[in-house]
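First the structure, in the form of structure tokens, and then the observations on it.
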Amino acid sequence: MEFLVKDRSIVTPGMAIAKGPFRYEYGVDKFEDTIISSVLGIVYIENDGIRVVPLEGKYMPKTGDDVIGTIVSINPLSWDLDINAPYLANLHVQDALRYVKDTSNLERIFKVGDVIYANIKDVGESSDIVLQSKERPYGKLKWGRVVKIHATRVPRVIGKKGSMIKLLKQMTRCEIMVGQNGNIWIKGERQMEDIVERAILKIDKEAHIPGLTDRIKKYLKQKYQCNIRCYKWRKT
Amino acid sequence: MEKDIKFFTNGKRIDGRAIDELRNIKIEVGVFKRADGSSYIEWGGNKIYCAVYGPREAYPRFLQKSDRAILKCRYNMASFAVEERKRPGPSRRGVEIGKVTQGALEPALILENFPKCMIEVNIEVIQADAGTRCAGITAASVALANAGIPMKELVPACAAGKVEDKIVLDLCKEEDNYGQADLPLALLPRKNEFSLLQMDGDLTEDQLEEAIELGKKGCLQVHEIQKEALKKKYITEDVF
């Protein structure tokens, strides 16, 4: 067992990470007795395995994930949602609401373009995704806006024990919902929404550089003061 | 037909390179915002953009494979890319190069992860200066890595050829047009296999082996440049 790269360094596809028997997880491939990276990402070496977290790429749906999607089409008894994955997700009427009186016109419940917070119920053998939005936190998200980032950087938006998301919520008084697929929904005052959106895009861009929370804090403070100044100026 | 050119002066080639020297290569990663992955390569006088879309649902439907994704490659040359105006639109040559590009890249990708999907590679040649298919494959594999598509390894490509009975690496325009042979190669470095090998012109058996050996060395150099380019994007990105 021998490591060829440092922990938390950037690896390119085909780069050798370690030699010898090792349990390997996502983003890693085996060639003869060498473990090689299969994506462009950051390598995490833990005592029980090697994992490469990709820097780019689409969201791969997993059962149990909470996602935010947009409705793209209506079928006789279900909706198709775009959840940033390679495939469209399916939301059946029975899984959408707790009580459905009338299923003759689904457009009355959810229209094309509506934003839905849902849970992935199942990912089938042939990669068809089944969603459900019955229980309380799930359902349609009214007003607000959706920001799209890379699904691989969602943990950085949430932060350690939710520190980043807490910071964003406290400083801007916005409601924020984060989908595991990289869609983030924000609702609040319009100027604050702008600030949050920019901050989130900044996180997306600089996710791999350490000291992120401090930088975002600084950024938010700067923007916030700027905003207040503008507001005062407009009043006078 | 053959023009009267002196290919070698004092052991140097027309553009001042040694026999086994590559032209200058510069690769940029992530140049397009809308594409999932993209790259730009400058290889001597070649200027090529490459954009990758996907994985996304394969269209038309009948092309879908239920157990893996399909790879679609398109090669296009701008009408101003060459000396005489090239007629725009798909051509016999463009279709062929798209086909060989697909063949060169497919063994390196892990397509089984995305059943029923399609990955599109668009190679756009803005300026051509001999060896565009090699530069295109090099750029395309960097763009695929930038799109986050799982792959076994990057695919570097490079040409070797014969000029005045000497085997040279990475032909330039004059050598390509008036030389004796051209041998584009694409290498899978870890497997140590070639995924592209075409030959234009005549080579003896010994010369072919020599050219392949030289081309392989060139490919390995290109491979280093590819890795550097990908890493550079994330290390030196402006923080503030």
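Here is the naming used below: chain letters follow the sequence lines, and residue numbers restart at 1 for every chain.
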Are there residues of residues 101-132 of chain B that reach to under 4.5 Å of chain A by heavy atoms, and which ones?
-> B/Ile110, B/Asn113, B/Phe114, B/Pro115, B/Lys116, B/Cys117

Is the CG atom of B/Asn24 crowded by more than 12 outside heavy atoms at less than 6.0 Å?
-> no

Should we say atom CD of A/Glu46 is surrounded by more than 12 heavy atoms from elsewhere, each under 6.0 Å from it?
-> yes

Part of B/Ala147 lying under 4.5 Å from any heavy atom of chain A = backbone

Between [X] and chain B, with a heavy-atom cut-off of 4.5 Å, which part of the residue counts as in contact: side chain, backbone, both or neither?
X	value
A/Thr152	neither
A/Ile10	both
A/Ala16	both
A/Thr12	side chain

Considering only heavy atoms from C-beta outward, does the side chain of A/Leu40 approach that of B/Tyr234 to under 4.5 Å?
-> yes

Any side-chain heavy-atom pair from B/Lys191 and A/Phe31 closer than 4.5 angstrom?
-> yes

Can you list, pair by pair, the side-chain donor-acceptor contacts under 3.5 Å of residues 58-72 of chain B, counting residues two or more places apart and other chains?
none

Name the option with the most non-hydrogen atom pairs under 4.5 Å to chain A; the candidates are B/Lys227, B/Glu153, B/Met151, B/His223.
-> B/Met151

Does the B/Arg190 side chain pair with the main chain of A/Gly14, one donor and one acceptor, at a distance under 3.5 Å?
-> yes

For chain B, which residues of residues 54-68 of chain A have at least one non-hydrogen atom nearer than 4.5 Å to it?
-> A/Leu55, A/Glu56, A/Gly57, A/Lys58, A/Met60

One should read off an interatomic distance between B/Arg56 CZ and A/Leu88 CG, to the nearest 0.5 angstrom, of 12.5 Å

Residues 31-51 of chain B vs salt bridge (charged side-chain N to carboxylate O under 4.0 Å, His left out), sequence neighbours excluded, gives B/Lys26-B/Glu42

